[in-house]
Protein chains: 2
Amino acid sequence: MKRITIKDLAKYLLLSTSTISRALVNDKNIHPDTKKKVLEAAGKLGYKPNPTALNLKYGQSKNIGLVVPEMITPFASKVLRGIQNILYPLGYRVIITESDENPLIERKNLQLLEEFNVDGILINLSHETHNEDLYQQIMDRGIPLVFFDRIPGKSLDASRVVVNDHIKASLMIEHLIDTGRKRIAHIMGPSSIRNSAERAAGYQRILTKHGLFDPELMIQPEGITFEDGRNAAIQLLNKKIGFDSIFAFTDTLAIGAMNYLLEQNIKIPDEVAIAGFSGTELATIVHPQLTSVAQPLVQMGEAAAGLILEKIKDSEALSRTIVLDAELIYRASTR
Amino acid sequence: MKRITIKDLAKYLLLSTSTISRALVNDKNIHPDTKKKVLEAAGKLGYKPNPTALNLKYGQSKNIGLVVPEMITPFASKVLRGIQNILYPLGYRVIITESDENPLIERKNLQLLEEFNVDGILINLSHETHNEDLYQQIMDRGIPLVFFDRIPGKSLDASRVVVNDHIKASLMIEHLIDTGRKRIAHIMGPSSIRNSAERAAGYQRILTKHGLFDPELMIQPEGITFEDGRNAAIQLLNKKIGFDSIFAFTDTLAIGAMNYLLEQNIKIPDEVAIAGFSGTELATIVHPQLTSVAQPLVQMGEAAAGLILEKIKDSEALSRTIVLDAELIYRASTR
DNA sequence: CCGAATTTTGGTAACGTTCCCATGAATAAT
DNA sequence: ATTATTCATGGGAACGTTACCAAAATTCGG
C-alpha cells in the first residue's frame, strides 16, 4: 500500500540514502557488491522512484501540453501518436486540451496548461492571430511553444512544423485537370488560417496557368465542419455556374460536400470529382473513397516533439521550421 | 524567467515563508493587512504556486491515466471530453495512452502509467480477460481503476460505467423488424469483449421471439476495424443466404460493411438496411447516414471520472457500477 | 608496515510548500 | 497593574531524491 522509498531501502540495508541513490543511478563511486545488494532489495521490496520528487528537484514538471482545435477527426490523434512516440520513452507526459476551433477556449487551455506547470506546449492553432499576445507572453515566461499544422505569423519567434501546402494543393489541381476536369471549385478554409491562403493560392495559380480560373468557383464557408462542407455544396449548386469537381481545404469539408451531392443523386466522381487534404482515415471510410493530400501526421507529431525537446534542453536554441512532404493519394472520388 | 516562489515573496516583504503561505492559503491566523500586502506582492511579482511541490508534499501526482483501445474513431475523444469536464477544474491532468486493441500494448500502457505515478486509471479494455492479473495488482498497490464501456468479469472488485447493451440491441432489432426486415444479419464483436455477447444476446432473443433467428446470419469477423466490417460483408455475400439488413456490433463495423455493399452497387437501405452501435459523429459523416444506438459518451466520461474521484478520496469506498441509458437514433440507413 | 592515494560511504542541504510547535505581541479578564 | 488568553508571526521539519563535501575504509608504493 504505502509507497516504498529510498529511505526504506536505506533502513532495510543499513546503508545511507546517498549510497542507495548511487546504486540506483549507476554512479561509478560505488562498490559492485553494494550495488548488487541494493538492486536486489529494490526489486524485492518493489521500489519505484518517485517522479514527483525528481521534478521538484530539477524544476521540471515533465509535462508537455498539447492544444488542438478538435478531436472528432483522427487528425489530432495521429499527431498525438507521433508526439508520444518521442516523449513517452523519455518520461514525459502529454496533457491534451481541445479548443473547439474557438480562440477563447484556446486561450483558456493555454492558461490551464501554464497553471499545470508544463515544460512546453505543442499547439495547432484555431485562429491565426487572435492569441498572439498570449503566445508571446508564455514564451517570455520561459515556456517554449511549438506550432504545427496551423501556424502563426512570421513575427513570432518559435519553431514550427508544416507541410508545403502550396505545392501539394497545386499538384492536386494538376491531377484534376489531368483527369479532364475544367470547372474545378474550391471550398476554402477560413481566412484566419494561414494554410487556407496557401492552398487557395496553389489552386488559383494552376487554374490561372491553364486559363481555367473563375473566382465564382471559390466558396468561403463559415467554418470547417462537415456541416460547413455540406453548406458549401448547397451554395455551389445554387449558384448554377456548373462545376465538375471540387477541391476542398480539408477532408472534412470535402466529405460534407460529397454527402450532400450524393443525397442529390449526383454521381461521384462521374458528375463531380472530389479531392481533399488531410492524412487521416476519414478519406477511406467514406464511399467513394476520397482522393486527398495525405500529410505525414505521425511524423508531424514526432517533429514537433523533437523541436520542443530542443527548446527545453537549451532555452537559447534557435527556432526552426520543419517542412514535411505530403503525398497525393488518388482514390475513387476522382476517377 | 526564473520562477518566483514563496521564499522570494518572503524576502521581498521581510516576512517568513509561513506567513506568506498562510496568506495565500486563506488561513484564519493572519492579520488582514498582512494578507492584503502578500496578495498584492504575489500579484505584482507574478507568483504561481508550484504544483509539483504540493504533489510531493501530499503524495499525489494529480495525474489520472486513461487507457483506450484506439483513437481513430471519435469514441475515446468524446469520453475524454467528459473526463476533462470533471477533472480539469479540480487540477487533475489526464494522460492518454492507446492500446491499439492489443492486450500486450495495454499492459505496457498500464505499467507506464504506474511509473508516471498516476492517482488513478480509467480504462476501456481491449480484451476482457488478458490482463486481469495486472488490474488486480495495480489496485492492490493502491491505484484505483475504473472501467468503462468494455469491462472485465465480475470477479474484479472495481467501479464500472456501461450502457445497457442487451436492451438497446434488442430495441434496435425490433426497429429493423418493424420496418419490415426479416433476414437480419449480425456482425459480431470479438468474443473477448463482454459487450459483444450482450448485444448478440439481444439480437438473438428478439429474432427468436419473432421466429426469425438463423445462426447462419451471424458473422464473426477477426477484429473490429473498418476492414473487418468490410470482410464481414464479403463473407455474408459469399454465403449466398440472403439478408435484407445488418446489425453490427459497432458503427465502425457497420460502415466498413456498408461501404463494401455500396461498392457492389447494393442499395442502402432499399436492398439492405444497416444499423450500428456507438454514439460518435461517424454515423453522420457517411452516406447514407447510419441508424445507430447512441451511447452518451461524454456522460460516460463524466461518470467514470466521478467514480475514480470517489476512490481517490476514500480508498475504502465501495465499488459502484453506473448503467447509462443509450438512445436509438434512426437515420437514412434503415428507412 | 606506514603514509599517501584511491575507493567507498555517510551527512546534509536543497527543490517549494505546508503544518506543527514555539515565541512574541496585543488584548482581555481579574 | 498583573496574569491569562487570544492573535499574529517565526522556525523548522517533512515529502523523496540527488549532489556536494567530508569521513571512513581500502589499496598501493616504497
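When reading the values below, keep in mind they use all heavy atoms of this one structure, side chains included, and skip hydrogens, waters and symmetry mates. So that the names make sense, note that chain A is the first sequence line, chain B the second, and so on, each numbered from 1.
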Residue pair A:Tyr92, A:Ile308: steps toward the side-chain contact (heavy atoms from CB on, under 4.5 Å) verdict: CA-CA 12 Å; A:Tyr92 282 90; A:Ile308 202 90; over 6 Å; no

Residues within residues 35-61 of chain B bordering DNA chain D, heavy-atom distance below 4.0 Å: B:Leu56, B:Lys57

A:Asn117 side chain to B:Asn50 backbone, donor-acceptor under 3.5 Å: no

Heavy-atom donor-acceptor pair, B:Asn85 side chain to B:Glu302 backbone, under 3.5 Å: no

Ring pair (Phe, Tyr, Trp, His ring centres under 6.0 Å) contacts touching residues 22-63 of chain A (sequence neighbours left out): none

Pairs meeting criterion salt bridge (charged side-chain N to carboxylate O under 4.0 Å, His left out) with involvement of residues 5-33 of chain A, two or more places apart: A:Lys2-A:Asp8

Salt bridge (charged side-chain N to carboxylate O under 4.0 Å, His left out) involving A:Glu101 - partner list, sequence neighbours excluded: A:Arg150

Main-chain N/O of B:Arg93 paired with B:Lys62 side-chain donor or acceptor, under 3.5 Å: no

Touch class at under 4.0 angstrom, heavy-atom based, for A:Thr5 against every strand present: sugar-phosphate

Pair listing, ring pair (Phe, Tyr, Trp, His ring centres under 6.0 Å) test, anchored in residues 98-120 of chain A, at least two apart: A:Phe116-B:Tyr88

Angle between terminal axes - the helix from C:dC1-D:dG30 to C:dT30-D:dA1, 5 pairs each end, rounded to 10°: 50°

All pairs passing salt bridge (charged side-chain N to carboxylate O under 4.0 Å, His left out) where residues 108-128 of chain B contributes a residue, at least two apart: A:Lys48-B:Glu114, B:Glu114-B:Arg141, B:Glu128-B:Arg194

Pairs flagged by ring pair (Phe, Tyr, Trp, His ring centres under 6.0 Å) wherever residues 128-161 of chain A is involved - sequence neighbours left out: A:His127-A:His130, A:Tyr135-A:Phe147

Qualifying side-chain hydrogen bond (donor to acceptor under 3.5 Å, both in side chains) pairs with a residue from residues 68-83 of chain B, counting only residues at least two apart or across chains: A:Glu98-B:Arg81, A:Asp100-B:Arg81, B:Glu70-B:Thr73

5'-most by nearest nucleotide on DNA chain D - A:Ile4 or B:Leu14: B:Leu14

Sugar-phosphate only, base, or nothing, as touched by B:Leu24 at under 4.0 Å among non-hydrogen atoms: nothing

All side-chain contact (heavy atoms from CB on, under 4.5 Å) counterparts of A:Ser315, not counting sequence neighbours: none

Donor-acceptor pair, side chain of B:Asn195 and main chain of B:Asp149, under 3.5 angstrom: yes

Range on DNA chain D touched by chain B, heavy atoms, distance below 4.0 Å: D:dA8 to D:dG16

Boundaries of the chain A footprint along DNA chain C (any atom under 4.0 Å from a heavy atom): C:dT8 to C:dG16

